[in-house]
Amino acid sequence: MRRNLIIKNAFVVTPIGKEAKKGKEMSILKKIENAVIVVKDGTILYCGDAFGAPAVEENDYTVFDAEGRVVLPGFVDSHTHLIFGGYRPDEFEWRLKGDSYMSIMERGGGIQSTVNATKECPEGELTEKAQWFIDRMSEMGVTTVEAKSGYGLDAATEIKMLDVIKALSEKEDQKLRIISTFLGAHAVPKEYKGMTDEYIDLMIREMLPAAKGKATFCDIFTEKNVFEIEESRRFMQAAKDAGFKLKFHADEIVTLGGAELAADLGAVSADHLLHVSDNGIKKMAESGTVATLLPLTAFALREPYAPARKFIDSGCAVALATDLNPGSCFSGSIPLTIALACIYMNMSIEEVITALTLNGAAALDIASETGSIEVGKTADILILEFDNYKMLPYYIGMNCVKTVISNGRIVKE
Ligand code: NIG
Ligand code: FE
């Protein structure tokens, strides 16, 4: 498929840079009216006013007239549990009736229930199901997604999940870029109940070496009664020594010190952070660890939202992601993420755009490749239905994305 494009009459709205934007910088967006974007072989060759555009042979290019509509960088969903067997609608109903996420997990449901279903699910079926979700993400403008393992909790099934992610990312005509994360430390499997250290030993001995080369990141559910701080430290230090970049599920249910630990170990991101301490925020600002906030999860669990304003006002880089998974948050809705971040987390729409593009890319350590519309970056570009980017949160929970260009290919016209 041709990856040479010219987009004319674009109202380009984009953060600029190859690194995460922190604090006040998050609200600075470059805006160019009547812009022209030239894409050659999937890479942005030019973005600026019409007068400065390079002369190219238009016959070699697909020409788009954006008719003054807003043109944004593609969205980066930097935290999802995209691969899973089965569904858990009963648990959702129990929670509506007052049951808690952790008590369901402690009774052997929750993550363990998806582990059982994922072990039984053949690779082909897992792949097809994940592709169905990818197609929906792409419709909403996602051009990069992170996908975690973590529903195997044994070497064979964890590797099966990473192989599914690899197969999806290598699929011809795949609609988005996929970054893979090993999450063997998602829960202590039932076979190791009361033997957390032994399970950590197993992960270090067998799973990390097997996951190497198949996953870029290693993640952990650092939580009371799951992996405590010192257990998390031991495992994540081993993952770091083995060459993985680090992510944390931190301070999601209780204040435990996951944010501090993530900062100590130089993690690329710490995610959730609903119950982060002030010291955790301070340490993350110092270490440059991206705070990936997941408002859909707080919404679905009826928990307080993460303190986005405190993070930003303390000079942290904030990213937003969906956390799509079959348990705590069965939604991958980018439009609802945008609305919740603006309405309940008091983020400005400019901050939200940065959080879902450049800072999302930074949370995956690929901000030099994508996350903004600038020369040299991959052409991950969205054209909205509207000529005003402020429509994004205002049209609550609705999809404003008209056209999606991913890696220079038109995947939604
Ligand atoms: O990000 N808290 C840990 N992991 C997921 C939920 C996984 C599940 O419930 O299946 C989360 O919330
Ligand atoms: Fe998660």
Task: Chi angles and distances behind the side chain to side chain donor-acceptor pair (under 3.5 Å) call for Thr354, Asn359 - done: CA-CA 6 Å; Thr354 300; Asn359 283 6; over 6 Å; no

Is [Y] paired with [X] through a side-chain N to carboxylate O contact shorter than 4.0 Å?
{"X": "Lys148", "Y": "Asp219", "result": "yes"}
{"X": "Lys21", "Y": "Glu350", "result": "no"}
{"X": "Glu369", "Y": "Lys377", "result": "no"}
{"X": "Lys160", "Y": "Asp154", "result": "no"}
{"X": "Lys8", "Y": "Asp65", "result": "no"}
{"X": "Asp99", "Y": "Arg95", "result": "no"}
{"X": "Arg233", "Y": "Glu230", "result": "yes"}

Flag the pair [X] / [Y] as yes when at least one side-chain heavy-atom distance between them is below 4.5 Å, and no otherwise.
{"X": "Val36", "Y": "Val38", "answer": "yes"}
{"X": "Phe64", "Y": "Ile410", "answer": "yes"}
{"X": "Glu67", "Y": "Asp387", "answer": "no"}
{"X": "Glu223", "Y": "Val254", "answer": "yes"}
{"X": "Ile220", "Y": "Phe235", "answer": "yes"}
{"X": "Pro295", "Y": "Met345", "answer": "yes"}
{"X": "Ile353", "Y": "Leu72", "answer": "yes"}
{"X": "Ile6", "Y": "Glu58", "answer": "yes"}

Could you check whether [Y] and [X], counting side-chain N and O atoms only, form a donor-acceptor pair closer than 3.5 Å?
{"X": "Glu146", "Y": "Thr80", "answer": "no"}
{"X": "Ser180", "Y": "Lys166", "answer": "no"}
{"X": "Tyr61", "Y": "Lys40", "answer": "no"}
{"X": "Arg88", "Y": "Thr114", "answer": "yes"}
{"X": "Asp251", "Y": "His272", "answer": "no"}
{"X": "Ser406", "Y": "Thr143", "answer": "no"}
{"X": "Ser269", "Y": "Asp271", "answer": "yes"}
{"X": "Asn407", "Y": "Arg177", "answer": "no"}
{"X": "Ser149", "Y": "Glu158", "answer": "yes"}
{"X": "Glu260", "Y": "Ser277", "answer": "yes"}
{"X": "Glu120", "Y": "Asn116", "answer": "no"}
{"X": "His186", "Y": "His249", "answer": "no"}

[X] [atom1]: over 12 foreign heavy atoms closer than 6.0 Å:
{"X": "Tyr395", "atom1": "OH", "answer": "no"}
{"X": "Glu19", "atom1": "CD", "answer": "no"}
{"X": "Lys282", "atom1": "NZ", "answer": "no"}

What's the shortest heavy-atom distance between [X] and [Y], and which atoms?
{"X": "Val226", "Y": "Glu231", "value": "O-OE1, 3.8 Å"}
{"X": "Asp77", "Y": "Thr322", "value": "OD2-OG1, 2.6 Å"}
{"X": "Phe217", "Y": "Ala363", "value": "CZ-O, 3.9 Å"}
{"X": "Thr118", "Y": "Gly85", "value": "OG1-N, 3.0 Å"}

Would you tabulate the side-chain donor-acceptor contacts of residues 194-207 under 3.5 Å, counting partners in other chains and residues two or more places apart, or write 'none'?
| from | atom 1 | to | atom 2 | distance (Å) |
| --- | --- | --- | --- | --- |
| Tyr199 | OH | Gly184 | O | 2.8 |
| Asp201 | OD1 | Arg234 | NH1 | 3.0 |
| Asp201 | OD1 | Arg234 | NH2 | 3.1 |

Task: Parallel, tilted or perpendicular: rings of Phe133 and Phe330 (30°, 60°) - done: perpendicular

Open item on the list: Quick check for you: to the nearest 0.5 Å, what is the distance between Thr357 atom OG1 and Leu320 atom CG?
Closed with: 10.0 Å

TODO: Report yes if the distance between the aromatic ring centroids of Tyr101 and Phe92 is under 6.0 Å, otherwise no.
DONE: no

Open item on the list: One pair to check against salt bridge (charged side-chain N to carboxylate O under 4.0 Å, His left out): Lys245 and Asp365. What are the steps and the verdict?
Closed with: CA-CA 9 Å; Lys245 297 174 188 176; Asp365 209 16; 3.0 Å; yes

Open item on the list: Would Lys129 and Tyr87 count as a cation-pi pair here, with the cationic atom under 6.0 angstrom from the ring centre and within 45° of the axis?
Closed with: yes

- [ ] If a pair satisfies side chain to side chain donor-acceptor pair (under 3.5 Å) and one of its residues is in residues 328-346, list it, with sequence neighbours excluded.
- [x] Asn325-Ser328

